[in-house]
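Reviewing the structure listed below.
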There are 2 protein chains.
Amino acid sequence: MTLDPHITATICQDDDTEQIAILNDHLIDSPTANRLAEVFKALSDPNRLRLISLLLENEVCVHTLEATLGMTQSAISHQLRHLRQLNLVRFRKEGRHVYYALDDDHVRGLFKQGLLHVEHG
Amino acid sequence: MTLDPHITATICQDDDTEQIAILNDHLIDSPTANRLAEVFKALSDPNRLRLISLLLENEVCVHTLEATLGMTQSAISHQLRHLRQLNLVRFRKEGRHVYYALDDDHVRGLFKQGLLHVEHG
DNA sequence: AAAATACATGAAAACTTGTTCATATATTGA
DNA sequence: TCAATATATGAACAAGTTTTCATGTATTTT
């Protein structure tokens with residue numbers, strides 16, 4: 001009976017070079033770590049997550065986001081700029097309104113997977 | 001031909017109450033947003049991601065993490081404390097060594113899904 | 001043309017986060 | 001027992017993030 005099927009080995013300093021080499025293989029490289037962190041960072045703030053939840057399946061104008069989220073217009077605009085700079089949202093101007101929508105499927109995927117786990121399980 | 005299969009509606013302030021109600025249904029509640037943010041925040045730092053990558057499939061002692069990551073012992077110890085407080089890692093003392101391993105399957109899942117997308121795609 | 005509406009933005013303030021430095025504890029080896 | 005090794009931790013600091021405040025631009029309405 002194995003309690004944890006994920007852990008395959010115990011690695012410590014006294015080990016042979018081969019073990020240490022295995023560990024080095026598992027280590028993600030820094031550029032990858034940086035890009036990965038950037039993606040997760042986009043999802044690391046409660047208000048931004050609430051904002052994203054609204055943009056997952058609808059195109060919504062800024063004023064409606066403000067009314068729904070109960071945040072100031074300025075705070076929302078700043079968050080949207082942030083998401084824009086990361087290319088996570090797209091926007092479309094129509095008259096005096098600007099409609100935003102989520103434009104990154106893997107952020108959408110991570111959001112939904114995270115939500116599943118947090119809600120039940 | 002639909003360019004974006006995800007976006008189902010455009011919602012704006014002038015809309016009827018029903019549309020606004022739909023939007024409110026999509027909004028995640030604050031406690032959920034907070035817990036979700038906490039999970040993603042754990043994955044939002046490059047060094048922490050590199051650390052987690054080592055713990056995904058192996059139990060590793062602190063000194064080996066230090067050697068492999070090229071971080072100071074103190075920095076690693078602080079990061080491990082953080083992950084401990086979030087119940088994301090478990091640890092096991094054996095003599096003067098302490099072995100750490102990842103202990104949260106949905107963080108493991110999010111990490112791997114994120115990595116897939118960042119690496120190719 | 002003036003007023004109102006919708007949104008953006010720079011700067012500062014408030015808060016959070018990650019690292020370093022110094023030091024503490026616990027275990028092992030001489 | 002004394003020195004060395006392995007790890008933890010509090011405090012201070014640097015850097016980053018989010019919000020607020022004040023203000024700016026563009027579009028529409030009157």
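Remember, it's a predicted structure, so these values are computed and weren't measured experimentally. By convention in this document, chain letters (A, B, ...) are assigned in the order of the sequence lines, proteins followed by strands, and residues within each chain are numbered from 1.
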Item to check | Leading and trailing nucleotides of DNA chain D with any atom under 4.0 Å from heavy atoms of chain B | outcome: D:dT5 to D:dA11
Item to check | Of the listed nucleotides C:dC21, C:dC7, C:dA8, the one nearest the side chain of A:His97 | outcome: C:dC7
Checklist outcome for this item: Here the ring-ring contact (aromatic ring centres under 6.0 Å, His included) pairs for residues 66-95 of chain B, sequence neighbours left out, are B:Phe91-B:Tyr100
Taking atom [atom2] of [N] as reference, at what distance in whole Å does atom [atom1] of [X] sit?
X	N	atom1	atom2	result
B:Leu86	C:dT17	CG	P	10 Å
A:Met71	C:dA6	CE	P	18 Å
A:Arg84	C:dA8	CZ	P	6 Å
B:Leu80	C:dT19	CG	P	12 Å
A:Arg81	C:dG10	CZ	C1'	8 Å
A:His78	C:dA14	NE2	C1'	14 Å

Checklist entry - With sugar-phosphate meaning primed atoms plus P, OP1 and OP2, does A:Tyr100 contact a base, only sugar-phosphate, or nothing at under 4.0 Å between heavy atoms? => result sugar-phosphate
Item to check | Sugar-phosphate only, base, or nothing, as touched by A:Gln79 at under 4.0 Å among non-hydrogen atoms | outcome: sugar-phosphate
Side chain [X], main chain [Y], donor-acceptor under 3.5 Å:
X	Y	result
A:Arg50	B:Ser30	no
B:Thr64	B:Val60	no
A:Thr8	B:Glu57	yes

Next on the checklist: Check this for me: does the side-chain of B:Ser74 come within 3.5 Å of the base of C:dC21 through a donor and an acceptor?
Outcome noted: yes
Next on the checklist: So if I define the base as every atom that isn't primed, P, OP1 or OP2, how would nucleotides 23-30 of chain C read as a B/S/- string at a heavy-atom cutoff under 4.0 Å?
Outcome noted: ----SSS-
So, do [X] and [Y] sit near enough that their side-chain heavy atoms are less than 4.5 Å apart?
X	Y	result
B:Glu66	B:Thr72	no
B:Leu65	B:Leu55	yes
B:Asp45	B:Gln79	yes
A:Met71	A:Asn47	yes

Item to check | Residue pairs involving residues 31-42 of chain B (criterion side chain to side chain donor-acceptor pair (under 3.5 Å); sequence neighbours excluded) | outcome: B:Asp29-B:Thr32
Checklist entry - Any idea which heavy atoms bring A:Val62 and A:Ile76 closest together, and the distance? => result CG1-CG2, 4.1 Å
Checklist entry - Are any of B:Thr72's side-chain N or O atoms less than 4.0 Å away from OP1 or OP2 of C:dT20? => result yes
Run the side-chain donor-acceptor check on residues 92-99 of chain A: report pairs under 3.5 Å with partners two or more places apart or on a different chain.
from	atom 1	to	atom 2	distance (Å)
A:Arg92	NE	A:Glu59	OE2	2.9
A:Arg92	NH1	A:Glu94	OE1	2.5
A:Arg92	NH2	A:Glu59	OE1	2.8

Item to check | Near-strand residues of residues 33-68 of chain A, defined as heavy-atom separation under 4.0 angstrom from DNA chain C | outcome: A:Cys61, A:Val62, A:His63
